[in-house]
Each structure stands twice: as C-alpha cells, then as structure tokens.
Amino acid sequence: QKEVEQNSGPLSVPEGAIASLNCTYSDRGSQSFFWYRQYSGKSPELIMFIYSNGDKEDGRFTAQLNKASQYVSLLIRDSQPSDSATYLCAALFSSGSARQLTFGSGTQLTVLP
Amino acid sequence: SQTIHQWPATLVQPVGSPLSLECTVEGTSNPNLYWYRQAAGRGLQLLFYSVGIGQISSEVPQNLSASRPQDRQFILSSKKLLLSDSGFYLCAWSVGLAGLTDTQYFGPGTRLTVL
C-alpha cells in the first residue's frame, strides 16, 4: 500500500513568518515528489517538484527531500495571507505503462495578517 | 501552451441518474490523462488513467467508467449514480515521457452533488 501522510492541520502562522509543511511516504520506490496548492473550491496548482536529496528553492518556496527518512517538506518564507490554502504532497511511482501520483490528504495553512 | 477544460463546472443529479463528465486537453499530443475524485475535506483519489486512445486503467472498483474516444478527450460516466459519488471530480494530464519530472496538471474540476 503506497501511502503519503500529512498533518491535516490547520496550521496557522503570522504574516511574514516561515510556514513549514511536512509529508512522509511509505513506498521507497517513489522517486519524485510534488507539492500542490489548492484554494478552497479550486483545483490543485503545482508549486514545485523534487527528486534529489537535499533542498530545492523556487522563489519563496523551498522543498526538502530526505529519502533515507522518507520525508518531504515545503517551507514558505515571508508567508502572505494569499498563501492561505490547502497544500497537497504527492509521490510519483511507476505502475504498468504510466506513472501515478499518490496524494496525501493535505495540510490546511492559514496566514494571519 | 497547454490548456485543460472540464465541463460542466457544477452538477446536481438525483440518485440513480446517469452521469457524463468531459475533459479535453489542448496544445499537446498523446498526453496521459487521469480522473480523480476528491471528497469533502479529503485528498485526491485516482479513479482512472489512460496512456492512449481506448486504453483505460481502473484504480478503484465502483459504478463509474471512463472512455478515451479521441487523443485529447477523456470522459467519465456512470449508468446509475449513488449518493457516495458526490465530490469534486478532477481531470489531469501529463506528458507521460518525462521520467522523474512527469508532472500532472489539473483542470478546473466538476463539483457533483448527488441527491
């Protein structure tokens, strides 16, 4: 059973702070990991992906991957109220002729003005 | 650039009625296509995926079916809806050949309420 676990939250941080979102996965065969942001009532939007151990930065966002610990995180620097959303972590694995994503249930983030 | 469309945006249907949701992708050829369902406050559940015309793989046994009659068209259907079919239905596409970076992009979704 391929599982991705996230703290459901809600997580609240003040504006300007660093928000830290965490994710663990069960399948060591998973090679790539994706972070999506989902505003209430909307579809998920890709933030970034990571497949190498270590950190990957994209603007205010930093993804971190530790394959030995099967742990993925997303840091949001200088959090803004517009970052308030649910953040979905997903692991990519191969199944037959396609690659599939297994999603966590998401962490709800609220950035307080 | 690529664009993915879904319709209808919202749908209210009685129990036992049929269902047809459509998804089309523009600006790419031979994409992998996916149908997901998201129940209220839950994560995304993969229902079906397709790597080509007429090729459908089912992930969850249920009263739903999917078809891919054209390269960039993906249809989700049901003959008789159940209350448990209510949810947010999302179509997604990916290039399919991008290896570790095979990113899925989501359509705007269809919110289905079964009464």
Side-chain angles (χ1 to χ4, degrees), chain A residues 1-10 21 23-26 29-53 56 58 63 65 67 72 85-108, chain B residues 2-7 9-10 21 23 30-60 66 68 74 87-111 113:
Chain A
Q1 182 84 13
K2 297 174 175 59
E3 294 181 343
V4 175
E5 299 287 340
Q6 295 182 256
N7 290 330
S8 61
L21 305 164
C23 171
T24 59
Y25 60 96
S26 63
S30 299
Q31 295 182 302
S32 302
F33 304 89
F34 296 76
W35 284 100
Y36 288 84
R37 176 176 62 197
Q38 186 175 24
Y39 291 112
S40 180
K42 302 296 185 181
S43 62
E45 306 169 298
L46 179 72
I47 300 173
M48 63 192 303
F49 60 81
I50 186 169
Y51 53 83
S52 298
N53 271 330
K56 179 181 179 182
D58 184 358
L65 174 60
K67 291 185 178 180
V72 191
T86 296
Y87 289 80
L88 301 172
C89 173
L92 184 71
F93 65 96
S94 294
S95 176
S97 55
R99 294 178 179 82
Q100 297 184 28
L101 286 177
T102 297
F103 283 85
S105 57
T107 298
Q108 185 179 343
Chain B
Q2 299 82 14
T3 308
I4 179 168
H5 303 279
Q6 285 186 248
W7 64 91
T10 60
L21 303 181
C23 170
N30 197 32
N32 283 356
L33 296 173
Y34 307 82
W35 277 113
Y36 290 89
R37 177 171 61 201
Q38 187 176 36
R42 304 287 297 277
L44 275 68
Q45 177 187 36
L46 179 64
L47 301 175
F48 301 94
Y49 69 90
S50 171
V51 299
I53 296 175
Q55 301 179 61
I56 308 294
S57 295
S58 174
E59 289 300 302
V60 182
R68 185 170 177 174
F74 206 21
F88 192 35
Y89 286 81
L90 292 156
C91 181
W93 74 274
S94 71
V95 172
L97 298 176
L100 296 178
T101 62
D102 191 14
T103 302
Q104 292 185 22
Y105 300 94
F106 288 87
T110 295
R111 191 162 302 280
T113 303

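A, B, ... follow the sequence lines: proteins, then strands. Residue 1 opens every chain.
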Engineer: In Å and rounded to the nearest 0.5 Å, what is the OH to CZ distance from Y36(B) to F103(A)?
Structural biologist: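 One gets 4.5 Å once the value is rounded to the nearest 0.5 Å.
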
Engineer: With sequence neighbours left out, write down each residue that passes side-chain hydrogen bond (donor to acceptor under 3.5 Å, both in side chains) with Q6(A), or none if nothing qualifies.
Structural biologist: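 For Q6(A), no residue satisfies side-chain hydrogen bond (donor to acceptor under 3.5 Å, both in side chains) once neighbours in sequence are set aside.
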
Engineer: Quick one: what part of Q6(B) sits under 4.5 Å from any heavy atom of chain A, side chain, backbone, both or neither?
Structural biologist: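 Interface part for Q6(B): neither.
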
Engineer: Compare every heavy atom of F88(B) with every heavy atom of K42(A), then report the nearest pair and how far apart it is.
Structural biologist: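 Where K42(A) meets F88(B) most closely, the heavy atoms are O-CE2, 3.4 Å.
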
Engineer: Working to the nearest 0.5 Å, report the span between OG of S57(B) and CD of Q100(A).
Structural biologist: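 These two atoms lie 7.5 Å from each other.
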
Engineer: Roughly how far, to the nearest 0.5 Å, is the CG atom of L88(A) from the CG atom of L44(B)?
Structural biologist: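 Going from CG on L44(B) over to CG on L88(A), the span is 6.0 Å.
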
Engineer: Can you say whether F33(A) sits under 4.5 Å from chain B via the side chain, the backbone, both, or neither, judging by heavy atoms?
Structural biologist: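 The answer is neither part of F33(A).
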
Engineer: Give, as side chain, backbone, both or neither, the part of Q38(A) having an atom under 4.5 angstrom from any heavy atom of chain B.
Structural biologist: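 The answer is the side chain of Q38(A).
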
Engineer: About how many Å separate OH of Y51(A) and CG of D102(B), when rounded to the nearest 0.5 Å?
Structural biologist: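 It comes to 12.5 Å.
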
Engineer: When rounded to the nearest 0.5 angstrom, what distance separates CD in Q45(B) from OG in S105(A)?
Structural biologist: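 Reported value, rounded in 0.5 Å steps: 13.0 Å.
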
Engineer: Would you say the side chain of S32(A) lies within less than 4.5 Å of the side chain of T101(B), judging by non-hydrogen atoms?
Structural biologist: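 Sidechains of S32(A) and T101(B): no contact.
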
Engineer: In terms of heavy-atom pairs under 4.5 Å, which option from T86(A), V4(A), L101(A) contacts chain B the most?
Structural biologist: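 Top count of heavy-atom pairs under 4.5 Å with chain B: L101(A).
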
Engineer: Out of curiosity, Q104(B) CD to L92(A) CG, how far, rounded to the nearest 0.5 Å?
Structural biologist: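 Those atoms lie 7.5 Å apart.
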
Engineer: At their closest point, which heavy atom of P108(B) faces which heavy atom of S43(A), and how far apart are they?
Structural biologist: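 Looks like CA-OG, 3.9 Å.
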
